[in-house]
Amino acid sequence: MNVYFYPTRSKNKFLDLNTALLGSMNYSVKKVDVSFIIDLLRFKKDSVVVLNWVEDRVYGRSYKTVFQYFFNMVALIVFSKLLAKKVIWIRHNFLPHNGTKTNYRYKFICGLYKRMGIKPVALENYYSSPALVHPLYKSDAALIEAINMSESLDQRLKPSVLFFGAVKPYKNLHDILDTWPKDLPLTIAGRCSDSVYKALLVEKIDRRELQVQWINKFLHTEELNDLLKQIQFVLLPHADSTVISSGAFYHAIGEGCNIIANDTHFGRAKASQHKFVSILDPSIISHEYLTAIYQDRAQVMREALACYGEKQVSEAWTNVLSSKHS
């Protein structure tokens, strides 16, 4: 069976991880390009189309191209539904990352999915059933090797907190900085391309005299992994009803990091499942609190392997591909 993935490329490694895994399951994973159109026009209905971030891609573009992308996305959904065996809409977020106050285009795309009878499949089972499993950013073999080395890493660490990834308003750092303890160091590792938002964050940091180190650049995988090995906690400050799942969560736990999550659908779901996930409470967070709740790296990685390893990801794909949910 052919499985067509859209988009064909992204800075997000989610696509590469899943296409590699589906390839290992003997699916023929292909790009959505001219050959995709030709293949579906054979009317054999033997292909599956997997759509990621389609409802997001109608934003964040110039006025010259925004309507072109909008109509291209509409055509992609309709064409796929009419001619493919199955269409899988992976819904990553509750709202678009670069949307507007009204989000009319986003709402139209989501409404089109509904009218075409295509139900969302999420990466979290609190949102959809069936659901996929977000892959880790480490192979099972690499994770097992890291578990055996984790004790020596733990012995060198003091309570430390890191936020990483692109710095954007929906990730809610501006609210977090209003209540972050002055004596608790926080590292921000990620580029902010919005000069107005960057100025807002810097003003809050300076005014409250916070111990914040900001590495204002895009970190390559090796740099990020080295940084994650040096800290104990990763902060997921997203506002509620923005993200359904977080790639940062899966990247962090693959390196053995504990998680401090904002009080969101995603945060609550993970906190109920794992002891290494805590909901952020500004009134109690401190060095002493972090020391008390910390789960050692080996335990975090063992749970990551058991819940989100390659076997679990492939089983979830098998379930979604074979289900009548479309």
Side-chain angles (χ1 to χ4, degrees), residues 9-16 53 56-57 59-62 92-93 95-100 137-138 153 156-240 242-243 245-262 264 266-267 280 282 285-287 290:
R9 60 182 180 273
S10 169
K11 291 181 180 179
N12 192 323
K13 286 189 67 179
F14 174 83
L15 295 180
D16 294 337
W53 303 297
D56 268 340
R57 291 174 73 84
Y59 293 99
R61 302 182 183 280
S62 69
H92 295 260
N93 307 302
L95 293 172
H97 289 172
N98 299 300
T100 64
Y137 290 76
K138 256 187 168 74
L153 287 174
R156 300 199 305 265
L157 299 179
K158 296 179 181 179
S160 48
V161 184
L162 169 72
F163 165 87
F164 70 90
V167 178
K168 296 184 177 183
Y170 80 90
K171 294 185 180 179
N172 209 39
L173 273 174
H174 53 282
D175 280 347
I176 300 299
L177 292 175
D178 286 335
T179 57
W180 192 258
K182 290 185 178 181
D183 62 346
L184 183 60
L186 171 65
T187 300
I188 299 173
R191 183 171 178 270
C192 182
S193 56
D194 183 335
S195 60
V196 175
Y197 189 60
K198 176 184 175 183
L200 172 65
L201 298 182
V202 171
E203 187 276 330
K204 288 176 181 281
I205 293 167
D206 291 344
R207 175 170 48 81
R208 297 196 60 232
E209 299 180 339
L210 299 176
Q211 296 184 43
V212 174
Q213 178 190 9
W214 189 347
I215 307 169
N216 191 3
K217 69 172 187 175
F218 171 78
L219 295 185
H220 294 286
T221 301
E222 294 78 11
E223 291 179 284
L224 177 56
N225 288 344
D226 287 343
L227 185 57
L228 288 169
K229 289 181 176 69
Q230 299 171 37
I231 62 96
Q232 288 185 329
F233 291 86
V234 163
L235 174 66
L236 301 180
H238 307 76
D240 201 11
T242 54
V243 297
S245 185
S246 169
F249 172 86
Y250 295 96
H251 199 143
I253 65 173
E255 297 296 336
C257 300
N258 284 231
I259 303 294
I260 304 171
N262 214 358
T264 64
F266 177 74
L280 176 64
I285 188 168
S286 63
H287 279 286
L290 295 182

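Residue Asn258 holds its CG atom at 8.5 Å from CD1 of Ile231, rounded to the nearest 0.5 Å. For the atom pair CZ of Phe233 and CG of Leu184, the computed distance is 9.5 Å after rounding to the nearest 0.5 Å. Once rounded to the nearest 0.5 Å, the distance linking CG of Asp226 with CD of Glu255 reads 8.5 Å. For the atom pair Arg9 CZ and Leu15 CG, the distance stands at 11.0 Å (nearest 0.5 Å). With rounding to the nearest 0.5 Å, the separation of OG1 in Thr179 from CZ in Arg208 is 7.0 Å. Rounded to the nearest 0.5 Å, atoms CG (Leu210) and CG (Leu186) are 8.5 Å apart.
Contact of the Val243 side chain with the Thr264 side chain is not registered, since no non-hydrogen atoms from C-beta on lie closer than 4.5 Å. Between Pro237 and His174, every side-chain heavy-atom pair lies at or beyond the 4.5 Å cut-off. Taking the side chain as every heavy atom from C-beta outward, Phe164 and Leu219 never approach each other to under 4.5 Å.
The minimum heavy-atom distance linking Ala261 with Gly267 is given by the pair CB-CA, 3.8 Å. The two residues Tyr197 and Leu173 make their nearest non-hydrogen contact at OH-N, 3.6 Å. Scanning all heavy atoms of the two residues, the minimum distance from Asn216 to Cys192 falls at OD1-N, 3.0 Å. In plain terms, the two heavy atoms of Leu162 and Ala189 that are nearest each other are CD1-CB, 3.9 Å. Of all non-hydrogen atoms in Gly165 and Lys171, the two that sit nearest each other are C-NZ, 3.9 Å. Closest of all the heavy-atom pairs between Leu290 and Ile260 is CD2-CD1, 3.7 Å.
The residues Lys204 and Asp178 are annotated as salt-bridged, a charged nitrogen and a carboxylate oxygen being separated by less than 4.0 angstrom.
Side chain of Gln211 to main chain of Lys182: a donor-acceptor pair is present (N/O by atom type, distance under 3.5 Å, no hydrogens or angles). Proximity of a side-chain donor or acceptor of Trp214 to a complementary backbone N or O of Gly190 within less than 3.5 Å is detected.
More than 12 heavy-atom neighbours from other residues, nucleotides or ligands sit within 6.0 angstrom of CZ on Arg207.
The aromatic rings of His92 and Phe14 sit perpendicular, their planes meeting at an angle over 60°, well past the 30° parallel limit.
You'll find the ring centres of His251 and Phe249 outside the 6.0 Å limit.
For the pairing with Asn262, the side-chain contact (heavy atoms from CB on, under 4.5 Å) check across Leu235, Asp240, Ile176 returns one residue only, Ile176.
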Legend entry - Evaluation steps, side-chain contact (heavy atoms from CB on, under 4.5 Å), between Tyr137 and Asn225: CA-CA 10 Å; Tyr137 290 76; Asn225 288 344; over 6 Å; no
Inset, instruction - May I have the step-by-step check of side-chain contact (heavy atoms from CB on, under 4.5 Å) for Thr187 and Ser160, ending in yes or no? - result: CA-CA 8 Å; Thr187 300; Ser160 48; over 6 Å; no
Inset, instruction - In sequence, state the C-alpha distance, the side-chain angles, and the governing distance for Val212 and Phe163, and then conclude on side-chain contact (heavy atoms from CB on, under 4.5 Å). - result: CA-CA 11 Å; Val212 174; Phe163 165 87; over 6 Å; no
